[in-house]
Amino acid sequence: MEIERIKLLGVPVDICRPADFEEAIVSLMEKEGPKQIVFLSIWDLLKARGKSEFAKAVQQADLILPTSKSIISGARFLKLTVPTRWNPFETLVNIMTMLENRYKSVYLLGGHKKTLLAAERNVRMTFKELQVVGRYVGYYPKSEDPAVTEAVRKSSPSLVIMSDGLKDKFCWFHNRRGTFSTSMFLYYPDAVAIFSERKAHVKKETFDKGLEFLPELLRAPLKIFLFFPFIHYKMLLLWNRLTD
């Protein structure tokens, strides 16, 4: 299916309604070649402006789902089609359920060994018909990268969940895209920690209120300085509105 894509401050954002989500994922599964699904926060959007590798990765992504309330309000302020806001954890579980219902497979990439093993065990218990065809820890040395990439390629999973510990983070798939001939790739740094129950996912009520940053702020108080790029974002929106 065709999904409308808008540009917010030059950064692509997809308009995918909840009612169309399953069809969009199935369509993506059936699409030839490797594909990337992106959870786009306001900080990602700001980082994706320009010509960096990160920006290229976002521009070339196959499905870009906004996760921040500020992206939604920004689109509304600029009188663009307003996208749906997606909760990363709930969305990932939803995707995995769709895969399970179709007897598809997943590969877990990231985390420390004990955390990854616990995550794999819990995924197997929760999604009984979803095949876990492989796993590899994050934080691995650069010398192991060819082996890791080849292991993922040979497994040909329906979905690769990329989590914490990958040196290239969001760009891990983008920097190796030519290696793969299939699979969907999704970077969600908290995935392995949440599935292993070592980290709690953001509560739905907290996310719906747009307060998901508070738990992160408690863990990392210096993130209070993100207030300044947020003000910059607001100024960019205003300038864009005045000059459009």
Side-chain angles (χ1 to χ4, degrees), residues 1-18 20-21 24-25 27-28 31 34-92 95 162 166 168-175 177 184-190 202 206-217 220 222-244:
M1 64 175 293
E2 288 293 327
I3 291 180
E4 180 185 355
R5 176 165 288 189
I6 62 172
K7 286 288 186 77
L8 181 60
L9 301 180
V11 178
V13 178
D14 286 332
I15 309 296
C16 183
R17 307 303 179 196
D20 300 324
F21 187 60
I25 294 300
S27 178
L28 207 57
K31 182 180 176 182
K35 292 81 59 172
Q36 182 165 26
I37 301 171
V38 169
F39 289 143
L40 190 76
S41 70
I42 179 61
W43 318 118
D44 295 330
L45 186 143
L46 289 170
K47 189 177 177 182
R49 301 180 74 244
K51 297 181 179 180
S52 66
E53 284 302 306
F54 185 90
K56 290 178 184 177
V58 174
Q59 292 286 346
Q60 294 176 15
D62 299 271
L63 183 60
I64 303 169
L65 304 174
T67 63
S68 297
K69 256 191 172 182
S70 298
I71 294 178
I72 310 306
S73 60
R76 186 177 291 114
F77 181 73
L78 295 182
K79 300 181 179 180
L80 301 170
T81 305
V82 179
T84 297
R85 179 170 174 247
W86 297 87
N87 181 320
F89 177 72
E90 288 186 356
T91 303
L92 176 56
I95 292 172
M162 303 177 292
L166 298 182
D168 295 340
K169 298 183 179 180
F170 180 95
C171 292
W172 190 91
F173 163 71
H174 174 75
N175 292 341
R177 187 168 191 142
M184 298 185 296
F185 291 75
L186 189 156
Y187 178 66
Y188 180 31
D190 293 337
V202 175
T206 302
F207 182 83
D208 289 345
K209 292 176 182 177
L211 300 176
E212 66 274 10
F213 66 92
L214 290 179
E216 288 296 324
L217 192 59
L222 289 179
K223 286 191 175 182
I224 189 68
F225 292 106
L226 289 175
F227 172 77
F228 296 106
F230 178 73
I231 293 299
H232 178 61
Y233 170 69
K234 291 293 188 180
M235 293 176 65
L236 287 171
L237 289 175
L238 180 59
W239 177 255
N240 194 286
R241 174 79 175 266
L242 293 174
T243 58
D244 188 15

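Interatomic distance, NZ of K47 versus CZ of F170, reported as 9.0 Å (0.5 Å rounding). The distance from atom CD1 of I37 to atom CG of L28, rounded to the nearest 0.5 Å, is 5.5 Å. Atom NE2 of H174 is separated from atom CD of Q36 by 8.5 Å, given to the nearest 0.5 angstrom. Annotation: the span from Y188 atom OH to M162 atom CE amounts to 14.0 Å, rounded to 0.5 Å. Between R85 atom CZ and T91 atom OG1 the span is 10.5 Å, to the nearest 0.5 Å. Here the CD1-OG1 distance, from I15 to T81, works out to 5.5 Å after rounding to the nearest 0.5 Å.
Residues R49 and L9 share a closest heavy-atom pair of NE-O, 3.2 Å. When all heavy atoms of L65 and C16 are compared, the closest pair comes out as CD2-CB, 4.4 Å. Across all non-hydrogen atoms, the minimal contact from P66 to T84 is CG-O, 3.2 Å.
In this view, D14 and I3, R5, L63, I64 satisfy the side-chain contact (heavy atoms from CB on, under 4.5 Å) rule, not counting sequence neighbours. Scanning for side-chain contact (heavy atoms from CB on, under 4.5 Å) contacts around S52 gives F54, A55, with sequence neighbours left out.
Under the 4.5 Å side-chain criterion, counting only non-hydrogen atoms from C-beta, V58 is in contact with P12. Side chains of Y187 and F39 form no contact here, defined as non-hydrogen atoms less than 4.5 Å apart. The closest side-chain heavy-atom distance from K51 to Q59 is not below 4.5 Å. Considering only heavy atoms from C-beta on, V82 comes within 4.5 Å of I72 through its side chain. Contact check for F207 versus P88: side-chain heavy atoms found under the 4.5 Å cut-off.
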Please list every donor-acceptor pair under 3.5 Å in which a side-chain atom of residues 233-242 meets a protein atom from a residue at least two apart or in another chain.
residue	atom	partner	partner atom	Å
Y233	OH	S70	O	2.7
R241	NH1	F77	O	2.7

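Ring geometry, F21 versus W86: the interplanar angle falls from 30° to 60°, so the pair is classed tilted.
Side-chain atoms of T67 come within 3.5 Å of backbone N or O of L40 as a donor-acceptor pair.
Look at D62 and R177 and you find a salt bridge, because one of the NZ, NE, NH1 or NH2 atoms lies within 4.0 Å of a carboxylate O, short of that distance.
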